[in-house]
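These notes concern the structure reproduced below.
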4 protein chains.
Amino acid sequence: MAFKRSEKIELHKDEKRKLILETAAAILAQKGYHQTAVKDITDGAGISVGTFYLYFKNKEDLFEKLYDETWKTLRNLNDYALKTDSCSVAKKFSRVIASSIWGYQKFKDLTKIMMIEAVGLNPRFEEKYAQIMRQSVSDIESILEPLKERELIVVFDIKVAATAYIGAIHNVITCWLRGDARSNLCESTLPLVVFLMQALNMDFNVDEIKQSIDEMNEELENDHDLLDIFKN
Amino acid sequence: MAFKRSEKIELHKDEKRKLILETAAAILAQKGYHQTAVKDITDGAGISVGTFYLYFKNKEDLFEKLYDETWKTLRNLNDYALKTDSCSVAKKFSRVIASSIWGYQKFKDLTKIMMIEAVGLNPRFEEKYAQIMRQSVSDIESILEPLKERELIVVFDIKVAATAYIGAIHNVITCWLRGDARSNLCESTLPLVVFLMQALNMDFNVDEIKQSIDEMNEELENDHDLLDIFKN
Amino acid sequence: MAFKRSEKIELHKDEKRKLILETAAAILAQKGYHQTAVKDITDGAGISVGTFYLYFKNKEDLFEKLYDETWKTLRNLNDYALKTDSCSVAKKFSRVIASSIWGYQKFKDLTKIMMIEAVGLNPRFEEKYAQIMRQSVSDIESILEPLKERELIVVFDIKVAATAYIGAIHNVITCWLRGDARSNLCESTLPLVVFLMQALNMDFNVDEIKQSIDEMNEELENDHDLLDIFKN
Amino acid sequence: MAFKRSEKIELHKDEKRKLILETAAAILAQKGYHQTAVKDITDGAGISVGTFYLYFKNKEDLFEKLYDETWKTLRNLNDYALKTDSCSVAKKFSRVIASSIWGYQKFKDLTKIMMIEAVGLNPRFEEKYAQIMRQSVSDIESILEPLKERELIVVFDIKVAATAYIGAIHNVITCWLRGDARSNLCESTLPLVVFLMQALNMDFNVDEIKQSIDEMNEELENDHDLLDIFKN
DNA sequence: CATGAATGAGTCTTCATTCAT
DNA sequence: CATGAATGAAGACTCATTCAT
């Protein structure tokens, strides 16, 4: 009922594709994959079912595109956060976590799809999700490894630590997605970073972290290109 | 037009109900809720469709029963872990985490259903899951609160800490469920507990923790009554 | 929910059969044939499904028995009404109509089953109903025939007149069954008889008719044997 | 996995809807509501099950549409019969009855559905049918009322008379529907009208009535627009 | 490029009937 | 005689996908 586009503006291929993806994101996030019929999406986007199949191979294909692009965007955010003049380790951690959280909040619909809808959707997506998780974990592992060598952190088992680390962040986001959504997720960033710094037994200075987070958020707000998930 | 008394051993109502639940748990965990037809379950359990509906109102009802019983069992495990002669805080934490992990491993199928399948199944279950998560988080909060008062732990924001704490544990389990399943999840218990103790900045002694975990596991292995999830 | 017999009184074959028929009559009249499951009837009668099939071949068989016995009873009533020392024709008509109406009211449940439920149930019952209607009509025809010969009535076409005659009576009853049921059907007897006497252009005296109706009703109220539909 | 553009002539939406309704009318009239599966109707109409649900919400919806349209048509016929330059009361009665009978004969299938199938179908339809009967009766009542005032008819109780009146007509039609169907129902019109005129003790002239009936039938045969029940 | 009517395999669910106990 | 758990055929309805226009 919402999402109804009335005036059929003539759009170019890319714009229409983007329109479908955005509409689908909103509807899928709200109703869930199985509760959403292709017709719901096409009605929402003001196009015909036939047109939908001109842009996507099938319903799962659309979902996969949405999923992949979401993931790509979130990874881009991480890359961006790390692509900074070298600075203290704690600062880097802060930037990455801050950017992730900022992104999840910015793309709430997409995030919900990726973190909640896609889970347990079907064996294919489960594997996809598992792979992504594995990659996330292994990314963190490769960051923790040298830190451990240099005795900047204290961890018992790197793999477990990385998994717990990711889980801590994800759960803060997921709980927010599932209900606290009115509150400001970004306010959780600082406590979360502190929790994780402590978990790794890393030296840190709260003020420095706080500052890094604020800087990161500000940077992100000003670099709009980064965010346009559907660009190109 | 009906009948064919199967050659199977005649089972009593409760046993048959249990048989259906167990069969369903295995199939649902493997194929997923939407990919599993009622007939898959009945075929698996060697009963007719009609019989299924003799024991459960419908497919969702079965799932809900499975879900609720799983959750109840896991909570029982926690209660059991805490129902011990008072001991150090670190020891209690260790026992609870160890028991959870032990339970998840023991009831792999059920756990997968609860932690992966039920997520994003439909609005009703999403809410159910959200409620359980909220309760878990708030349980932890009420444990952390007094510890913080007594300055036994250092946390910036109790709610965020509790959420991160739960997420860390869940993710270790979930990742294991999703692929590492051949490995022994229990080996992750010690590193996980250490990670979390550090995260809370709590004093702890690794050996003591290790010992608590081992004790806990041993106790659990010997108290078989606790485990029979479907018992009466 | 109603109809629940709680104390299992031990009954003899015939009594149990009667119990089932009576329970079925009440439930079928209320919920309709297709909306009533065999289990509804057995629950209502406080017996098991198995027992039901000990007394009746199947659901349709029960219905047929109910149907036939109802019809038999109503015909008995007609016979009884006519089995009187000869009297005026108008009086005879009055007695028959009065007895019918009295019976329909007395056996409201059964009547509803026969006149409403059975209609359009399935081709077999349709034919059965048609046959009964044909017989009713032809009964009336054979009454009207000699009257016409003797010029005591004026009818254009005996068959049409008989059909219309039956229809008039039935509709008064059916409308009552379908809603007016709180009102007293017997009050409609006099106006109905007058309507029909006029329709046949027969000489009649209102007071005499009124008296016949009253007499008939009184007789019926006092002859209880006649009514026990399940007797035999 | 779908399609097979049938070789049938492509029909527009309204035509296809009409095709389904007509097919359904024929099959439902023959087999009865509960004995007819949706697939029977779609097979009969040469369409797929899916298409059926494109045109009707569900099986009951189809039946209701059929029911309502039938009733509307029959009422239209009555209106048409009365929409004539004023004439004698007897003539008006004749025209209305003639038009009804003519319509029932013309729409045999539909009539059977309305008058036989719908009876006792389920509580909803029972009430619907009851309402229609109540309305028919009350229509007749409001016609009889003034006639009684003006002493043009003699009736004892208007409500009973109206009910009997309707019942007489209906039964003539219903009996015909149920078996006499080869014979010509219209031949019953004159005797029926005479029966009813007499029943109301109304003055009438057989020849005039006969003429009115013939005129009515002729008019109806020539006004084809009136009949297309599914038109627009 | 766009449309949307048509398709039909696939699912859940009911319930009359049986028969081992 | 009585029981009621078990059966499975039958039927209503959904929805992703196609293709003639």
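Per chain, numbering begins at 1; letters A, B, ... match sequence-line order.
- Atom CD in C:Glu15 sits about 13 Å away from atom P in F:dC1, given to the nearest Å.
- With F:dA5, F:dG11, E:dT11 as the choices, the nucleotide that has an atom nearest any side-chain atom of D:Ala37 turns out to be F:dG11.
- Phosphate contact (OP1/OP2 of F:dA2, side-chain N/O of C:Ser48, threshold under 4.0 Å): absent.
- Residue-level contact check: D:Thr42 touches neither bases nor backbone, having no heavy atom under 4.0 Å from any strand.
- For the segment residues 57-65 of chain C, no residue has any heavy atom less than 4.0 angstrom from an atom of DNA chain F.
- With F:dA16, E:dA2, F:dA12 as the choices, the nucleotide that has an atom nearest any side-chain atom of A:Lys16 turns out to be E:dA2.
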Would you be so kind as to tabulate the donor-acceptor pairs closer than 3.5 Å made by side chains of residues 26-35 of chain B, with sequence neighbours excluded?
{"residue": "B:Lys31", "atom": "NZ", "partner": "B:Asp40", "partner atom": "OD2", "Å": "3.1"}
{"residue": "B:Tyr33", "atom": "OH", "partner": "B:Glu60", "partner atom": "N", "Å": "3.4"}
{"residue": "B:His34", "atom": "ND1", "partner": "A:His34", "partner atom": "ND1", "Å": "2.9"}

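- In this structure, D:His34 atom NE2 and E:dT14 atom P are separated by 15 Å, rounded to whole Å.
- Evaluation of the salt bridge (Lys or Arg N to Asp or Glu O under 4.0 Å) rule for D:Lys59 yields no partner, not counting sequence neighbours.
- For the pair D:Lys39 NZ and F:dA9 P, the interatomic distance rounds to 18 Å; values are reported in whole Å.
- For the pair B:Gln35 CD and F:dA16 P, the interatomic distance rounds to 13 Å; values are reported in whole Å.
- Here A:Leu121 contributes atom CG and B:Glu117 contributes atom CD; the two are 9.0 Å apart, rounded to the nearest 0.5 Å.
- Protein atom CG of D:Asn122 is 17 Å distant from nucleotide atom P of E:dT14, rounded to whole Å.
- With sequence neighbours left out, A:Thr36 forms a side-chain hydrogen bond (donor to acceptor under 3.5 Å, both in side chains) with no residue at all.
- Rounded to a whole Å, the NZ atom of D:Lys13 is 13 Å from the C1' atom of E:dT3.
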Could you summarise the pairing of DNA chain F as dot-bracket text, marking Watson-Crick and G-U pairs under 3.5 Å with ( ) or [ ] inside the strand and | across strands?
.||||||||||||||||||||

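- The side chain of B:Leu54 sits closest to F:dT7 out of F:dT7, E:dG8, E:dA2.
- An OP1 or OP2 oxygen of F:dC13 is reached within less than 4.0 angstrom by a side-chain nitrogen or oxygen of D:Tyr53.
- Judged as a salt bridge (Lys or Arg N to Asp or Glu O under 4.0 Å), and not counting sequence neighbours, the contacts of B:Glu64 are B:Arg124, B:Lys128.
- Among residues two or more places apart in sequence or in another chain, the side-chain hydrogen bond (donor to acceptor under 3.5 Å, both in side chains) test is passed with B:Thr23 by none.
- Using a 4.0 Å heavy-atom cutoff across all strands shown, B:Val49 reaches at least one base atom of the nucleic acid.
- Considering only residues two or more places apart in sequence or on other chains, A:Val119 meets the side-chain contact (heavy atoms from CB on, under 4.5 Å) condition with A:Tyr129, B:Ile116, B:Val119, B:Arg178.
- One finds a side-chain N or O of A:Tyr55 lying less than 4.0 angstrom from the OP1 or OP2 phosphate oxygen of E:dA2.
- The shortest non-hydrogen separation linking C:Leu110 to C:Ala25 is CD2-CB, 3.8 Å.
- Checked against side-chain contact (heavy atoms from CB on, under 4.5 Å), B:Phe56 has the following partners two or more places apart in sequence or in another chain: B:Arg17, B:Ile20, B:Leu21, B:Phe52, B:Asp61, B:Leu62, B:Lys65.
- Annotation for C:Phe125 and C:Ala118: closest pair CB-O, 4.0 Å, computed over non-hydrogen atoms.
- Between the CZ atom of D:Phe52 and the P atom of F:dA12 there is a distance of 9 Å, rounded to whole Å.
- In this structure, the CZ atom of C:Arg17 is 14 Å from the P atom of F:dA2, given to the nearest Å.
- Residue whose closest nucleotide on DNA chain F sits further toward the 5' end, between C:Ile47 and D:Gly50: C:Ile47.
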